Protein chains: 2
Amino acid sequence: MTAKKGFIRRTKQREVILDVLRSTRSHPTADWVYQEVRKEMPNVSLGTIYRNLKTLTEMGQALELSYGSTYSRFDGNPENHYHFVCEECGQVTDLDLPVQKQLEEDVSDMIDGQVSYHRLEFYGVCRDCLSLAEATDHEAE
Amino acid sequence: MTAKKGFIRRTKQREVILDVLRSTRSHPTADWVYQEVRKEMPNVSLGTIYRNLKTLTEMGQALELSYGSTYSRFDGNPENHYHFVCEECGQVTDLDLPVQKQLEEDVSDMIDGQVSYHRLEFYGVCRDCLSLAEATDHEAE
DNA sequence: AAGGTTATTGAAAAGAATTATCACTATGTC
DNA sequence: GACATAGTGATAATTCTTTTCAATAACCTT
């Protein structure tokens, strides 16, 4: 073994992708990034864009705006309320927090537009998955 | 003309779907709903589930937890901050609101779990799309 | 600088969730 | 009951994203 295991190499592709990301405030989609990067590296592949956006996000150099899962979830309670999403098991729980309706007016004034609703979501690890992780840790000892 | 135009008919399928939705607090995916509904209506099709979940959401009887668009957006600024999403043009803008980091502790205590981050998003119509709509209204007069 | 290891790439195929299509069915009005 | 058409089941098509795999290139060791 010569190269350090799990090391992240610096590549021209990832560099250009990060430059593109930093050059805009438009919160681009993967495909938009792809088109931009192609201007500088015509042979770059879309797979590389996705791979690196993921890597950059994991490295804390970028933010991904989407749910962990690609599919929608539905709620029979149509009143606005906030959620907690467990990143381990995917469970979604309702939170008993007061809904700050007046925030919508604040934002509506800020952007000089019209706000119809807002969503607040918390991400992390739920109690069950936490104790499960502990149990596994002990096992490994 | 006999039947009222644009009328929404009551169907057994939609009824069962709403019952299933209301019977759980698990924020199910479309596929989970599909499996449940099939127990009562084995011939129901997945397309019907999607159609009705959409209809129910439009009717205000259900809530959909997902972004309008299916694809992710990325941000070169990895600091947590809040967003406004225009439902007309899809544009995403950063909001200059203070990030309430302490909310995460509150929630963490509430659920007895671990919160690593949170997201707050506002949805509506941006200024540009608003004035565009106005212009079009005038045209139609 | 050369050699070796393996992370990363490009190209293309596969995957997963959702939406569209279309002939048929069944709801609601008259 | 008869009509008009919204809704359905079945399936094909889309769309975004991930995976696969042989070839390449980054980085460590010598």
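Worth saying up front: this structure is predicted, and the values here are computed from it rather than measured. Lettering follows sequence order; numbering is per chain, from 1.
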Review point. Just checking, B:Arg9 and B:Phe7: is the charged tip under 6.0 Å from the six-membered ring centre and within 45° of the axis?
Key: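 No; the conditions do not both hold, so B:Arg9 does not lie above the ring face of B:Phe7.
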
In whole Å, I'd like the distance from the [atom1] atom of [X] to the [atom2] atom of [N].
X	N	atom1	atom2	value
B:Ile17	D:dG7	CD1	P	12 Å
B:Glu58	C:dT19	CD	P	11 Å
A:Tyr34	C:dT9	OH	C1'	13 Å
B:Tyr50	C:dA16	OH	C1'	9 Å
B:Leu46	D:dA12	CG	C1'	14 Å
B:Asn52	C:dT27	CG	C1'	14 Å
B:Asp31	C:dT18	CG	P	9 Å
A:Arg14	D:dA26	CZ	P	11 Å

Point to revise | B:Lys12 and B:Glu15 ion-paired at < 4.0 Å | key: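 Salt bridge absent between B:Lys12 and B:Glu15.
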
[X], nearest nucleotide to its side chain (from [options]):
X	options	answer
A:Gln13	C:dT21, C:dG10, C:dG28	C:dG10
A:Ser45	D:dC27, D:dG9, C:dG10	C:dG10
A:Arg9	D:dG9, D:dG7, C:dT5	C:dT5
B:Arg51	D:dA10, C:dG28, D:dT17	D:dA10
B:Phe7	C:dT29, C:dT18, D:dC27	C:dT29

Exercise for review: Using salt bridge (Lys or Arg N to Asp or Glu O under 4.0 Å) as the criterion, list what pairs up with B:Glu40, not counting sequence neighbours.
Suggested key: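 Expected list: none.
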
Check your understanding: Less than 6.0 Å separating the ring centroids of A:Tyr117 and B:Tyr123?
Key ->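 Close enough - the centres of the two rings lie under 6.0 Å apart.
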
Check your understanding: If you round to the nearest 0.5 Å, how far is CG of A:Leu18 from CG of A:Leu56?
Key ->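 A:Leu56 CG to A:Leu18 CG: 5.5 Å, rounded to 0.5 Å.
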
Review point. Does A:Thr11 put a side-chain nitrogen or oxygen below 4.0 Å from OP1 or OP2 of C:dT9?
Key: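 True: A:Thr11 side-chain N/O within range (under 4.0 Å) of C:dT9 OP1/OP2.
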
